[in-house]
Q: 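Take a look at the following structure, please.
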Amino acid sequence: MRILLFVLMVALLMQCQTDSSSFQSIQALLENVEKLKGRAEYIHSPYVTAGDRLYMVGHQDGSFPDLGWHITGEMGDLGSSH
C-alpha cells in the first residue's frame with residue numbers, strides 16, 4: 001500500500017513539472033478577445049454582479065475595496081447567498 005502511494009505521489013509530482021515557457025500571461029491570452037473599451041475615469045467605480053447563489057461586489061479595476069454601510073467595510077467581496 002505504501003509503495004502504491006509513493007508511486008502515485010511521484011507520478012503526480014512529475015505531472016506538475018512543466019516548461020514555464022509554455023505558459024502565457026492572461027493579458028496575452030485575452031489580447032484578441034472581443035471586449036468593450038471603457039472610460040478611464042470609471043476604472044475606480046464600483047460594480048455588482050449578482051445571481052441566484054453567487055454575487056461579486058468590487059471596483060472595475062479588479063480590486064475589492066472596503067464598501068458597504070450595513071457592516072462598514074465588509075461588502076466588497078465574492079460571496080454566496082446560500
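As a basis for the values below, the full set of heavy atoms in this structure was taken, side chains included, without hydrogen atoms, waters or symmetry mates. Keep in mind that what you see is a predicted model, and the values were worked out from it rather than measured.
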Q: Answer yes or no: are there more than 12 heavy-atom neighbours, outside Ile3 itself, under 6.0 Å from its atom CD1?
A: no
Q: Nearest heavy-atom pair of Phe64 and Met56: which atoms, and what distance?
A: CE2-CG, 3.6 Å
Q: Just jot down the side-chain contact (heavy atoms from CB on, under 4.5 Å) partners of Leu30, sequence neighbours excluded, or say none.
A: Ile26, Val33
Q: Does Phe6 belong to the same Ile/Leu/Val/Met/Phe/Trp/Tyr cluster as Leu4, with side-chain heavy atoms less than 4.5 Å apart forming each link?
A: no
